Each structure stands twice: as structure tokens, then as C-alpha cells.
Amino acid sequence: TAHTVSLLLRVLRSLTVFKTMPIEVPMSTNPLLETHALPPFAEIRAEHVEPAVETLLSESREAIDRLAEQAAATPPTWDTFAAPLEAVNDRLTKAWSPVSHLNGTMNSPEMREAYQACLGKLSDFGTWVGQHEGLFRGWQALKDGPAWKHLDAAQRRTVENALRDFRLAGVDLPADQKARYGEIQSRLSLLSNQFSNNVLDATQAWHKDIDSQETLAGVPESALDTLKATAEVKGVAGYRITLDFPSFFPVVSYADNRELRREVYTAFVTRASDEGPDAGKFDNAAIMEEILALRNEMAQLLGFATYADYSLTTKMAESPEQVLDFLNDLARRALPQAKEEFAELSAYAREELGLETLEPWDVAYASEKLREARHSISQEQLRPYFPAPQVIDGLFQVVERLYGVRFEEDTQAPRYHDDVRYFRLTENGQPIAGFYLDLYAREGKRGGAWMADCRVRRQTEQGLQLPVAFLTCNFTAPVNGRPALLTHDEVTTLFHEFGHGLHHMLTQQQIADISGINGVAWDAVELPSQFMENYCWEREGLDLLAKHVDSGEPLPAELLERLQAAKNFQSAMGMMRQIEFSLFDLRLHHELSAPSASDVQALLDEVREAVSVLPKVPFNRFQNSFGHVFAGGYAAGYYSYKWAEVLSADAWSAFEETGIFDPETGQRFRREILEQGGARDAADLFVAFRGREPSVEPLLRHSGIRAA
């Protein structure tokens, strides 16, 4: 189906396979082959995965061939062709979704092996579907035949997307080129997942044990508790620093010990590379080289000049040149101010901290000191006002006020870890969606924060299937019986991911291919998530989610004023950092066809020379752990964060005009953006909400970037 081609295939082309002996499991005992409202996590074992996938792929191939034959014999309709194909795909994705999620959140040698054993099979299946000429002709016959006039707008959109995606999968290629396309997809599956595994393994391979608290002078008490708890779990005395973000970040941001900051920073920026303490052990250099060469070859097979041109066919942006112009224009506006910000930081570090030369491992530390000096505020100072239970409750209240939905926790729902909670969204007393909330970092859990589909909203023969989301973060876990205390940055991260979740859960579409975030242009998909972050900065929003962990007092007015005053602290430096990543990614996929690791490094150095104001060291191998681009969906698309930020800032300006909880504006945002999914072009949806084309001015104003 189109969903297989456009979603499953694009995800799987960045995954990896290792050889493993198949394990036979009686099919009658395999929970992945049974129908469940929610995944039966307690029953799923690694040995279930490969037999289930093989069975489902075999049955799916038979069903697809049969439907293609029927479409050739009798003019297809939606009910005889498109709907059955969607059901075939949904059964496979509902089985694979919990497996993929467990691999990312409960990674074990057994689950990793089972997961990897299936990736090549799934990639081959996706290629087979995308190049199935009978299936392609069936979709074309649906568009050209008598049934077309009876299709609604959402169904027509789905058919047109399917035909586009078949061509992007090489359905029109000669046989030898089709075969080569399949080989490339399979190999990319191997490489991209290995890239991700190498980053995870490199992150978990390094640690530093410290006996004396004096060595950690300056590190906040909350972070010390985490480091101590990590050591206790491993059966060692003192404190253990790891490269997981809740451990790494407080050390480089607050530790007075400069040598310790340097050591931890070096270990972090050299992960999976030829540099650093584990140099060569998990090196991703050769993997990057092959990924880039194969992506370029695939794009040219399909008739595109570069992989960037191929990538943009499903995005709002029309060409790589348009994206480069957009990024360079933002850089022109922000770079002078970023240079001023860094000059101020350097002067402060020299005069107040005795740091004559600001090194990369000094930047976060000096920035926190300067933030405190200028605004009398720090992330640690805010933690007591953001106990996780209160933040979650406040988040729910924000959404309830905006969209009129309610939240109910289901403590009986199947879970995969004790920290995980399951909630239902209801409206007018009826359930409309659900989500799993997994907030805390732990061993075996991939770093970062993300939203993923568990179930997609679609109409089935049995009735309406409700959407379910996985919402995952990596915050510092509760210790010593106290609730987890979040930084303000972590609060905004939670709101960001919940914005993605709302896009998935509040959709009104009933076709999987355009339901929720499916079918949404990648450079617009960040609009709902970035929009939600704004509620973390406004008094009305903060009053719902910020209450002191001990006293229950709201965030004091003076502290709020300091927080808002510090909102755009070093905002131009932050914008230039994102522009650096975006330019590097786009140029990497537009200018270089088969670059060596040294070519990749040279391009990154060139981009940094042009737009970065931060100090540089030759051993930094950021690209070797750039999972967004080499193990995710952002290849030639990292610019999407800034592109969508233009949309989200302009959308927020509408709420600034009417009130941030204005019910009419909230319902219009829900109706025109969140409910629409991929049913219409993202540009048309924005205009329907805002009444005009997007403007970059709100982004510059919200970011504190002076007119240039």
C-alpha cells in the first residue's frame, strides 16, 4: 500500500541486519500474530519476532498479489482495492511497532538480534511493494477508472500520494535498475541501523567513577544524586559519570573542574569515531561513506541529480537552492548578533572566570555562569518548581483548555517498564486516543526524545481504530523517594514531543496514509511540536504546571520575569548552531556524491568556518553520532526544524493577538492543522489557519534577533 511505500520503506531504508539463526516458535503462542487493542508487552519475547514477521510478510505478499490480480480483472474501487490493502499493511505495522519500540527503549542483546534479523526482510518487502507493477497499475486504474468520481478528497489525496511513492520506489525502472535499487535499500538498512547501534554502544561503553565529591564541585545536588544512584546500581562507591545526557550535561555545564569538563566533553564529541578514549572501537566513518554514496546512487537511479533533490520531492520546499537561500538569509540576519554574544561570553570568561582562552568544554559552563550573573537564574534554580507529576498535570490542563479533551490514566493497560504510564484522551465522555508516557533515562534506552506511532487512526471493518502514541524522553529519574525535578529545558522538550503526539492523536482522518503525521510534509511536521513549547514561557501556562515541590507555591513573579528575560539569552548563537547543522546536512547531500570521511569533515569545517562562532577542536567528530541524518528521517531535511519554526512562530502570533487560551483560535488550530494530518498540502493548511502566507518576522521577534 501507499503507507508501506511512503512510511515503512522510508523508515526501514535506514536500518541494519545481522545474520541470525531462525528460531521456531509455535504460531499459536505468538502474541505478535494475535489481535490486541494494545501491544501485550508482558507476553512479547525476542524469539517471537522473526517467526511473526516471516509469517506476516508471507501472508501480506499473497494478499497483495491477489488484490493486484483482482484489480486487473475488474475496475478497482476504494472498498475492493485500497481499503483491503490498508488492512494488510496495518496488521504488519501493528506487529512491528512494539518490536521497534522495545528495541529503542528496552534494548537487550536478544531483542537487538531479533530486531536486526528482520530488518532486511522488511526492507526487501518494502522494495517489492514499491516496485509491484500490478499494484501500481491497480492504483492507476483507480484514478483513471469510474470509481474516481466517487472518491472524497482524502481518498484522492491517498491515491495520488501512492502513485508518487511508487515512482519514488523505482516502479518505472528497467529490471536491472530495479534490482539495484533493492540492493541499495537492503544495504542502507544494514548501514543505518549499525550507525545507530554504534552510537548507543559508544555512549554506554564510557564512564568515569569519582570517589570525592570535591572533584564534582559546582555540580548541582540533583545531578550528584543521579551520579551517585548510577554508581550504586553498578555496585561501585562514589559517583559515576556516563555519556547519557542527564549525566553528561550537568558536568560540562556546572563542574568547576576544568580538566573534568574537558575529559567528559572529549568522550562525548568523539563517540563512534577514530578519536577519543574509544578511538576506532565503534567508528562510524566507513558507514557514513557508504550511506552517502548509496543515497546518491539511488537518487540518480530515480532520475534526480542529487539525494537532496530526491528528498525534497515530499517536502514543502521546492528545491535545494530555495532551502540554501532560506538558511543563508537566516544566517545573514543572526550571525552579527551571534558574534556579539560570543564576544561578550569570551570577555566574561576571561575577566570573571580567569579563562583566558574559551575552549569548547568551557562554553556551556561559562554560559551558565553568565546567565546567572545577568539574569540571576539557572536551570537548576528552576528545578524545584517543575516536579514531574505537576508538569504532567499542567500539560494536560493546557491541552484541555485549548481543545476541550480530557485525560484518564489506565493503570491496567499493558506496560513494558514500571516507569511507563498509559493515558486515554476522551471527549464528551468517549475515548478518542491513547498514549504511553516514558519519561526517564535508563540503561538500554536510546537517547533523545521522540514520538512514535503505536496505532494509527483508521476506519476498519470492525469500526474506527483509535490512534495510540509512544511519547519518550530521557529525563533524570526520581531518586531517594522524591519526584523527578525537571529543568525548564526538559519541560519544553516534553511539551514539544506532546505536540507531535497531539498531531497523531487529534487527527480526524480515517485513512492510515494521511492520518496523524502520515503524509505530512517533513518540513512542516515540527509545526505542532514547536507551537506547544510556547506555553512553557507564558504566565498563564506556567501557572498550570509550575508549583514548588515542597510548598506548592507557583513560580514567583520575580523568577518568571527573570526566566522570560533570559529566554533569548544567546539565542543568535543557538540559531547559528541549528543553521550549521542544516547547511552541513543539505550540502552534504547536494554537493558531494561519494565523499570520504575526510571529505565529510572538510565540508563540516567549511560550514563551521562560515557560520559558527564557537571555538573548534580538530578531534570533534560530531558527524559520527549525527543520528538524525545517518540513522533517522532527516537526511537532506534537518533544515525542517528552522523551516517549521517559521510556521510555528507565526501560528503562535495568532494566539498572541487573541489570547493564548482563546477557544476560537484553539479550535481553529485544531481543525485546520491538527485534525487534517496529511489530507491537504501543509502550505494550504497554514493559510487556512492564519489567513495568509507565513512570515519570518515572528520567528525573528520571538528569538530576539534584531532586524538586519
Side-chain angles (χ1 to χ4, degrees), residues 6 153-154 156-158 160-161 164 311-319 322-323 325-327 329-330 399 402-403 451 495-509 513-535 575 578 582 633-634 637-703 705:
S6 64
R156 291 187 177 194
R157 175 83 170 186
T158 302
E160 291 167 347
N161 285 353
R164 175 202 66 193
S311 173
L312 294 183
T313 56
T314 56
K315 296 180 172 65
M316 287 179 67
E318 297 175 357
S319 68
Q322 183 187 19
V323 176
D325 288 345
F326 166 71
L327 294 172
D329 180 60
L330 281 183
V399 175
L402 274 174
Y403 306 123
M451 189 283 292
F495 271 65
H496 179 103
E497 297 307 329
F498 209 80
H500 285 307
L502 290 171
H503 204 181
H504 176 69
M505 293 186 287
L506 293 183
T507 185
Q508 285 296 294
Q509 304 311 311
D513 298 334
I514 57 171
S515 181
I517 65 170
N518 294 337
V520 177
W522 199 254
D523 43 9
V525 79
E526 297 291 335
L527 163 58
S529 54
Q530 292 172 339
F531 167 82
M532 279 296 292
E533 295 181 28
N534 290 288
Y535 287 92
M575 181 173 288
Q578 290 297 99
S582 302
Y634 284 87
Y638 194 84
Y639 78 91
S640 299
Y641 282 103
K642 299 314 292 183
W643 187 280
E645 201 173 346
V646 171
L647 305 179
S648 66
D650 201 353
W652 179 250
S653 68
F655 285 81
E656 291 179 316
E657 294 166 4
T658 61
I660 68 170
F661 285 110
D662 177 63
E664 182 179 340
T665 309
Q667 287 302 316
R668 191 169 79 251
F669 187 79
R670 176 179 177 178
R671 182 177 65 251
E672 302 294 353
I673 304 294
L674 299 177
E675 292 184 354
Q676 293 298 318
R680 293 162 56 199
D681 286 340
D684 293 339
L685 295 180
F686 183 87
V687 171
F689 168 70
R690 198 66 181 96
R692 56 166 173 74
E693 298 290 332
S695 167
V696 74
E697 296 307 318
L699 170 62
L700 298 174
R701 173 169 55 82
H702 293 158
S703 301
I705 305 298

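All figures in this text were calculated on a predicted structure; none of them were measured in a lab.
No donor-acceptor distance shorter than 3.5 angstrom exists from the side chain of Thr665 to the backbone of Phe661, with no hydrogens or angles considered. Distance alone, capped at 3.5 Å, places no donor-acceptor pair between the Ser703 side chain and the Ile705 backbone. Panel note: side chain Asp523, backbone Met316; a donor-acceptor pair is recorded below 3.5 Å. Judged purely by atom type and a 3.5 angstrom limit, Ser648 has no side-chain atom pairing as donor or acceptor with the backbone of Leu527. Panel note: side chain Thr507, backbone His503; no donor-acceptor pair is recorded below 3.5 Å.
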>> What verdict does the side-chain hydrogen bond (donor to acceptor under 3.5 Å, both in side chains) test give for Glu526 and Ser529, after you've listed the backbone C-alpha separation in whole Å, the side-chain angles of each residue and the deciding distance to 0.1 Å?
In response: CA-CA 5 Å; Glu526 297 291 335; Ser529 54; 3.0 Å; yes
>> Checking Arg157 against Asp681 for the salt bridge (Lys or Arg N to Asp or Glu O under 4.0 Å) test, could you report, in this order, the C-alpha distance in whole Å, the side-chain angles of both residues, the deciding distance, and whether it holds?
In response: CA-CA 10 Å; Arg157 175 83 170 186; Asp681 286 340; 2.7 Å; yes
>> side chain to side chain contact (heavy atoms under 4.5 Å, CB included), that's the test. Do Asp650 and Leu699 meet it? Break it down for me.
In response: CA-CA 7 Å; Asp650 201 353; Leu699 170 62; over 6 Å; no
> Would Lys642 and Phe326 satisfy side chain to side chain contact (heavy atoms under 4.5 Å, CB included), going step by step from the backbone distance to the final call?
Replying inline: CA-CA 9 Å; Lys642 299 314 292 183; Phe326 166 71; 4.0 Å; yes
>> Between Val323 and Leu327, does the side chain to side chain contact (heavy atoms under 4.5 Å, CB included) criterion hold? Intermediate values first, please.
In response: CA-CA 6 Å; Val323 176; Leu327 294 172; 4.0 Å; yes
> Given Tyr641 and Tyr634, is the ring pair (Phe, Tyr, Trp, His ring centres under 6.0 Å) satisfied, shown in steps?
Replying inline: CA-CA 10 Å; Tyr641 282 103; Tyr634 284 87; 5.0 Å; yes
>> Before you tell me yes or no, could you show the steps for Arg690 and Ser653 under side chain to side chain contact (heavy atoms under 4.5 Å, CB included), namely the whole-Å CA-CA distance, both residues' side-chain angles and the distance that decides it to 0.1 Å?
In response: CA-CA 9 Å; Arg690 198 66 181 96; Ser653 68; 2.9 Å; yes
>> Walk me through whether Phe495 and Phe531 qualify under ring pair (Phe, Tyr, Trp, His ring centres under 6.0 Å).
In response: CA-CA 9 Å; Phe495 271 65; Phe531 167 82; over 10 Å; no
>> If you apply the rule salt bridge (Lys or Arg N to Asp or Glu O under 4.0 Å), what do you find for Glu675 with Arg680, and how did you get there?
In response: CA-CA 11 Å; Glu675 292 184 354; Arg680 293 162 56 199; over 6 Å; no
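The distance from atom CD1 of Ile514 to atom CD of Gln509, rounded to the nearest 0.5 Å, is 4.5 Å. Interatomic distance, Glu697 CD to His702 NE2, rounded to the nearest 0.5 Å: 11.5 Å. Interatomic distance, OG of Ser582 versus CH2 of Trp643, reported as 12.0 Å (0.5 Å rounding). Taken from CG in Leu502 to CD1 in Ile673, the straight-line distance is 13.5 Å, to the nearest 0.5 Å. Atoms CD and CG, on Glu656 and Asp662 in that order, are 13.0 Å from each other to the nearest 0.5 Å. To the nearest 0.5 Å, atoms CD (Gln578) and CE (Met575) are separated by 9.5 Å.
For the pair Ile660 and Asn534, the minimum side-chain heavy-atom distance is 4.5 Å or more. Taking 4.5 Å as the limit, some side-chain heavy atom of Val646 sits within range of a side-chain heavy atom of Val696. Between Ser640 and Val525 there is no side-chain heavy-atom pair separated by less than 4.5 Å. Using a 4.5 Å heavy-atom cutoff, the side chains of His496 and Gln530 are in contact.
For the residue pair Glu497 and Met451, the shortest heavy atom distance occurs at OE1-N, 3.3 Å. In this structure, Glu318 and Gln322 approach most closely via the heavy-atom pair N-OE1, 2.6 Å. Contact between Leu674 and Pro528 at its shortest, heavy atoms only, is CD2-CB, 3.7 Å.
A distance below 6.0 Å separates the ring centres of Trp652 and Tyr535. Separation of the His504 and His500 ring centroids does not fall under the 6.0 Å cut-off.
Taking a 6.0 Å sphere around CD of Glu664, one finds it holds 12 or fewer heavy atoms contributed by other residues, nucleotides or ligands.
Applying the ring-ring contact (aromatic ring centres under 6.0 Å, His included) definition to pairs two or more places apart or across chains, those involving residues 672-694 are Phe669-Phe689.
Applying the ring pair (Phe, Tyr, Trp, His ring centres under 6.0 Å) rule to Tyr403 yields no partners; only residues at least two apart in sequence or on another chain are considered.
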